[in-house]
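First the structure, in the form of structure tokens, and then the observations on it.
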Protein chains: 2
Amino acid sequence: MPKLIEHAKRKEMIAKAAWKVILEQGMEGASVRNIAKEAGISLGSLRYYFASQNDLLGFARDLIYQKTAERMTRIFKLDMPPKEKIVQVLLDLMPTPGETKLEAEVRLVFKIHARHQGEVFDAEKDSVYLAIKEVMSYLVLLNLLKKDADLHLETERMYSLLDGLALDGMIRPQLLETHKLKRIIVYHLNSICMEEF
Amino acid sequence: MPKLIEHAKRKEMIAKAAWKVILEQGMEGASVRNIAKEAGISLGSLRYYFASQNDLLGFARDLIYQKTAERMTRIFKLDMPPKEKIVQVLLDLMPTPGETKLEAEVRLVFKIHARHQGEVFDAEKDSVYLAIKEVMSYLVLLNLLKKDADLHLETERMYSLLDGLALDGMIRPQLLETHKLKRIIVYHLNSICMEEF
DNA sequence: AATTAATTAATACAGTCGTATTATTATCGG
DNA sequence: CCGATAATAATACGACTGTATTAATTAATT
């Protein structure tokens with residue numbers, strides 16, 4: 001039974017190829033052939049790991065949410081000033097240049113795609129939503145949130161704001177170049193908190 | 001030269017069929033055949049009005065932004081209390097039950113689709129962005145905006161927030177059923193204004 | 001070295017894709 | 001009525017789609 005150890009890694013490699021195709025061509029271009037070519041393997045090889053396109057896309061979707069969750073956990077553990085950490089977490093969910101760009105954009109495409117698959121999107125299982133809830137709880141813990149703030153509404157507002165920022169960041173490159181994304185996020189944090197960020 | 005008058009209306013009818021297909025199946029399902037079937041015409045007929053799929057989709061995209069702009073203008077002209085009017089304008093950009101649901105969702109799919117076409121999205125030509133700029137100017141005119149508010153940042157924040165709300169509204173039906181969408185919008189307005197909405 | 005399972009490559013199938021061509025029908029101005 | 005043109009329908013082409021099948025290759029265990 002050779003190469004059994006590589007199995008999981010190989011599935012990951014294929015899923016990452018799927019991400020790249022989705023990033024560049026959208027879900028319309030995410031055919032099994034395109035993904036296989038991007039991964040540098042044959043069609044049959046891909047099929048060996050994934051019984052169907054649905055399996056592949058589902059795996060790629062779950063994996064990207066998992067990766068996001070892991071990165072969030074990592075940042076939360078960092079030893080840095082609370083306010084900086086909060087900004088860091090939120091910025092890491094945005095399509096800023098680097099790894100997060102791919103992740104944020106692909107997450108967004110998957111999210112819209114889910115709509116047309118009749119899937120019910122459960123925010124409680126969305127690592128982005130969970131990260132935002134943690135941030136909000138952290139703000140409460142630090143006693144930074146304004147007294148009259150509605151925690152639940154603020155959470156929902158932050159969630160939608162970040163989704164919208166990611167979407168706009170995808171489409172309007174100048175939002176990224178000029179650090180506008182960060183300015184808006186810090187501006188928003190200032191508006192819901194008592195102290196300056 | 002018969003039926004020339006119907007030409008424009010017929011193109012509109014086909015574009016609306018395209019919207020419906022996009023709404024239900026996403027851009028992946030927006031094939032010329034699916035659209036023709038939805039419109040109740042043959043493939044050849046569709047081709048008589050649109051030389052290519054790109055032409056059709058481009059027309060459908062432009063038309064939906066135009067319709068949105070017209071509706072915005074209509075609401076702005078209504079005789080109603082300023083604050084109510086502002087809420088009405090913003091809510092009309094959301095996927096609330098009714099006509100706006102289709103418009104908001106289809107606009108969003110087009111927006112993401114543009115990203116993968118290499119198109120440069122010009123917010124200044126986005127009727128949603130223009131409507132939001134008008135709302136913000138209106139708030140300034142009414143002297144409702146908080147003194148320390150940054151007009152440009154507030155505009156960008158509102159733009160992204162509405163995009164994100166539309167996206168979440170698409171995917172999480174409970175956001176619509178419970179009037180949460182309106183609550184968040186009014187909550188946001190309260191947070192940037194001096195008086196209560 | 002032989003065996004066994006993991007892995008790959010190649011090919012095939014029916015269906016759909018965008019586009020194109022053709023013939024036919026419908027409707028107006030003359 | 002007649003001819004011009006808008007409008008429709010039908011069909012065809014090559015490319016691509018997801019899925020399936022088969023044979024060949026690779027690598028670890030016995």
Side-chain angles (χ1 to χ4, degrees), chain A residues 1-62 109-110 113-114 116-119, chain B residues 1-61 109-110 112-114 116-119:
Chain A
M1 306 170 186
K3 286 194 177 176
L4 196 118
I5 312 159
E6 303 284 344
H7 199 85
K9 285 186 182 176
R10 206 122 176 87
K11 288 187 76 170
E12 270 208 31
M13 183 272 273
I14 296 174
K16 286 178 181 175
W19 296 348
K20 197 172 178 192
V21 173
I22 290 171
L23 177 72
E24 290 166 356
Q25 308 185 48
M27 210 52 92
E28 299 98 297
S31 69
V32 285
R33 283 176 177 83
N34 280 346
I35 294 170
K37 187 185 297 179
E38 176 65 42
I41 61 174
S42 77
L43 192 57
S45 307
L46 189 147
R47 193 171 158 64
Y48 181 79
Y49 293 98
F50 297 102
S52 72
Q53 187 187 35
N54 255 349
D55 284 349
L56 167 52
L57 293 181
F59 182 85
R61 169 175 45 78
D62 293 345
V109 174
F110 271 123
H113 181 69
H116 306 296
Q117 301 290 100
E119 297 175 21
Chain B
M1 307 169 186
K3 289 194 176 178
L4 196 117
I5 312 159
E6 304 282 345
H7 198 87
K9 285 186 181 177
R10 207 122 175 86
K11 288 187 75 170
E12 268 208 31
M13 184 272 273
I14 296 174
K16 286 177 181 176
W19 295 349
K20 198 173 178 191
V21 173
I22 290 171
L23 177 73
E24 290 167 356
Q25 307 187 48
M27 208 52 91
E28 299 97 298
S31 69
V32 286
R33 283 176 176 83
N34 280 346
I35 295 170
K37 187 185 294 176
E38 176 65 42
I41 62 175
S42 77
L43 193 57
S45 308
L46 189 147
R47 192 171 157 63
Y48 180 79
Y49 294 97
F50 298 100
S52 73
Q53 187 187 34
N54 256 349
D55 284 350
L56 166 54
L57 293 180
F59 182 85
R61 169 175 44 80
V109 175
F110 270 123
I112 286 227
H113 181 68
H116 305 295
Q117 300 291 99
E119 296 175 20

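In the text below, chain A, chain B and the rest are named by the order of the sequence lines, each starting its count at 1.
- Pairing for C/dT3 goes to D/dA28, judged as Watson-Crick or G-U wobble with the two contacts each under 3.5 Å.
- Across all their heavy atoms, A/Met27 and A/Leu57 have their closest contact at SD-CD1, 4.4 Å.
- Annotation: of the two residues near DNA chain C, B/Val32 and A/Ser42, the 5′-most nearest-nucleotide partner is A/Ser42.
- Atom pair A/Ile41:CD1 and D/dT25:C1' shows a separation of 16 Å (rounding to whole Å applied).
- Residue order along DNA chain C, read from the 5' end via each residue's closest nucleotide, puts A/Leu46 first among B/Ser31 and A/Leu46.
- Following rounding to the nearest Å, A/Arg33 (CZ) and C/dT16 (P) show an atom-to-atom distance of 15 Å.
- Computed from coordinates, the A/Tyr48 OH to D/dT19 P distance equals 19 Å when rounded to whole Å.
- A distance-only check finds no donor-acceptor pair linking the side chain of B/Glu28 to the backbone of A/His113 [under 3.5 Å].
- B/Leu56 CG to B/Ile14 CD1: the interatomic distance, rounded to the nearest 0.5 Å, is 7.5 Å.
- For the pair A/Tyr49 and C/dA6, the criterion of a side-chain N or O lying under 4.0 Å from OP1 or OP2 is not met.
- The CD-P distance, from B/Gln53 to C/dA20, rounds to 12 Å in whole Å.
- A donor-acceptor pair under 3.5 Å is formed between the side chain of A/Asn34 and the backbone N or O of A/Gly29.
- B/Leu57 has its CG atom 13 Å from the P atom of C/dC17, to the nearest Å.
- With rounding to whole Å, A/Asp55 atom CG is found 11 Å from D/dA20 atom P.
- Between the CD atom in B/Glu38 and the CH2 atom in B/Trp19 there is a gap of 13.0 Å [rounded to 0.5 Å].
- Here the C1' atom of nucleotide D/dG18 and the CZ atom of A/Phe50 are 16 Å apart, to the nearest Å.
- To the nearest angstrom, P of D/dA15 lies 22 Å from CD of A/Glu28.
- Here B/Asn34 lies in heavy-atom contact (under 4.0 Å) with sugar-phosphate atoms only.
- Between B/Ser45 and A/Arg47, the residue whose closest nucleotide on DNA chain D is further toward the 5' end is B/Ser45.
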